[in-house]
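Shown next, in structure tokens, is the structure this report addresses.
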Amino acid sequence: MSQQQRQPWIVGVSGASGTPFAAAVLRGLLAAGESVDLVVSRASRLTLLDETGIAFRDAHWQEDLRDWLARGADGKPRTFEVDVSGVRHWAAGDLAAGPSSGSYPAKGMLIVPASTACVAGVALGLSKDLLQRAASVTLKERRKLVVAVRETPLNGQTLKHLVTLDEAGAVVLPASPAFYAGATHIQDLVDFVAGRVLDAAGVPHLLYRRWEGELGGGSRG
């Protein structure tokens with residue numbers, strides 16, 4: 001696929017706890033045949049190291065990404081087989097990267113998970129790193145922006161920032177799993193949130209059982 005034909009989803013991973021959510025979203029996008037531009041913030045690398053033991057390195061990002069996406073939400077390695085050839089990685093400090101410009105072709109952006117610091121930066125237009133800059137570009141170009149905020153409780157200032165993002169056209173999607181789909185494993189709860197992110201982006205997937213109007217349907221799965 002040529003650079004002119006390629007139109008990726010930008011996925012930003014910020015420093016909030018919840019790297020399994022990001023991994024599930026990335027796997028879902030790749031399974032759907034979507035191209036991905038990945039931005040992993042500096043803070044999120046510390047979270048990734050803490051939650052998975054993986055040190056995400058710019059010079060070895062394909063190897064580290066493959067290792068990360070192969071892990072289940074329980075941390076077990078080699079749970080999934082993933083082809084990362086559809087991913088392009090941009091360093092978080094590279095403000096000259098493609099996604100920093102509105103002329104760069106992209107379908108939209110998914111921030112998973114979104115920390116409250118990231119939410120504030122995007123709401124205020126700070127553009128302190130590529131993740132925030134790409135989100136600001138996404139909003140100004142009127143492209144889809146999904147913000148999967150992962151924090152509890154939320155204070156008044158963060159709530160105001162989320163309202164600002166909603167008014168600017170973003171989809172504010174708290175990382176809140178549901179139980180009606182018959183979850184029996186932590187991966188099921190993670191996949192539900194990832195599936196809702198993909199729903200908001202309009203990307204087809206089979207990550208969770210959808211509600212069909214029948215009580216107890218999930219428990220019989």
Side-chain angles (χ1 to χ4, degrees), residues 8-89 92 110-115 118 131 146-152 173-201 203-210 217-221:
W9 282 97
I10 302 166
V11 176
V13 186
S14 76
S17 176
T19 55
F21 294 129
V25 166
L26 288 165
R27 286 192 298 265
L29 288 169
L30 295 173
E34 298 286 347
S35 297
V36 174
D37 275 21
L38 178 63
V39 182
V40 181
S41 77
R42 292 179 179 177
S44 70
R45 297 174 193 226
L46 298 176
T47 307
L48 183 63
L49 180 63
D50 183 56
E51 294 183 345
T52 69
I54 297 172
F56 193 90
R57 304 159 295 176
D58 288 336
H60 303 278
W61 70 268
Q62 287 179 309
E63 174 187 344
D64 297 336
L65 178 63
R66 192 177 296 110
D67 187 11
W68 176 25
L69 298 191
R71 292 176 182 250
D74 57 3
K76 186 179 297 183
R78 295 184 295 279
T79 299
F80 300 98
E81 291 186 10
V82 183
D83 179 5
V84 300
S85 61
V87 180
R88 182 173 185 177
H89 168 259
L110 315 174
I111 305 179
V112 188
S115 66
C118 173
L131 195 160
V146 182
V147 180
V149 60
R150 216 302 310 159
E151 186 63 83
T152 189
L173 195 152
S176 302
F179 296 84
Y180 63 76
T184 59
H185 190 276
I186 186 174
Q187 188 67 55
D188 298 325
L189 299 176
V190 167
D191 284 348
F192 179 87
V193 172
R196 295 299 286 149
V197 171
L198 295 178
D199 286 345
V203 176
H205 66 87
L206 297 172
L207 286 176
Y208 70 88
R209 183 199 303 268
R210 296 184 182 278
S219 64
R220 292 195 295 272

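The shown structure was predicted, so the numbers you read here are calculated from the model rather than taken from an experiment.
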Tell me if a side-chain donor or acceptor on S115 pairs with a main-chain N or O of S14 at a distance below 3.5 Å. no
Any donor-acceptor N/O pair, Q187 side chain to D74 backbone, under 3.5 Å: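 Looks like no, no N/O pair under 3.5 Å.
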I want to check something: taking the side chain as every heavy atom from C-beta on, are [X] and [Y] in contact at a cut-off of under 4.5 Å?
X	Y	answer
L30	L69	yes
W9	V203	yes
P174	V149	yes
Q62	V87	no

From [X] atom [atom1] to [Y] atom [atom2], the distance as rounded to the nearest 0.5 Å:
X	Y	atom1	atom2	value
L198	H205	CG	NE2	5.5 Å
S41	I111	OG	CD1	10.0 Å
D199	R196	CG	CZ	5.0 Å
I54	E63	CD1	CD	10.0 Å

What's the shortest heavy-atom distance between [X] and [Y], and which atoms?
X	Y	value
S17	T47	CA-CG2, 3.8 Å
D188	T184	OD2-N, 2.8 Å
A32	P204	CB-O, 3.8 Å
V40	A92	O-CB, 3.5 Å
T79	G72	OG1-N, 3.4 Å
V146	A201	CG2-N, 4.4 Å

Taking the six-membered ring for Trp, are W68 and F56 parallel (under 30°), tilted (30 to 60°) or perpendicular (over 60°)?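 Judged by the thresholds at 30° and 60°, the geometry between W68 and F56 is perpendicular.
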Check D64 with R45, please: is the shortest side-chain N to carboxylate O separation under 4.0 Å? no
Taking CG in L206 as the centre, count heavy atoms belonging to other residues, nucleotides or ligands within less than 6.0 Å. Is the count above 12? no
Does R57 CZ have over 12 foreign heavy atoms under 6.0 Å away?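 It does: R57 CZ has more than 12 such atoms within range.
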Tell me whether the guanidinium CZ or amine NZ of R150 lies under 6.0 angstrom from the six-membered ring centre of F21 and within 45° of its axis. no
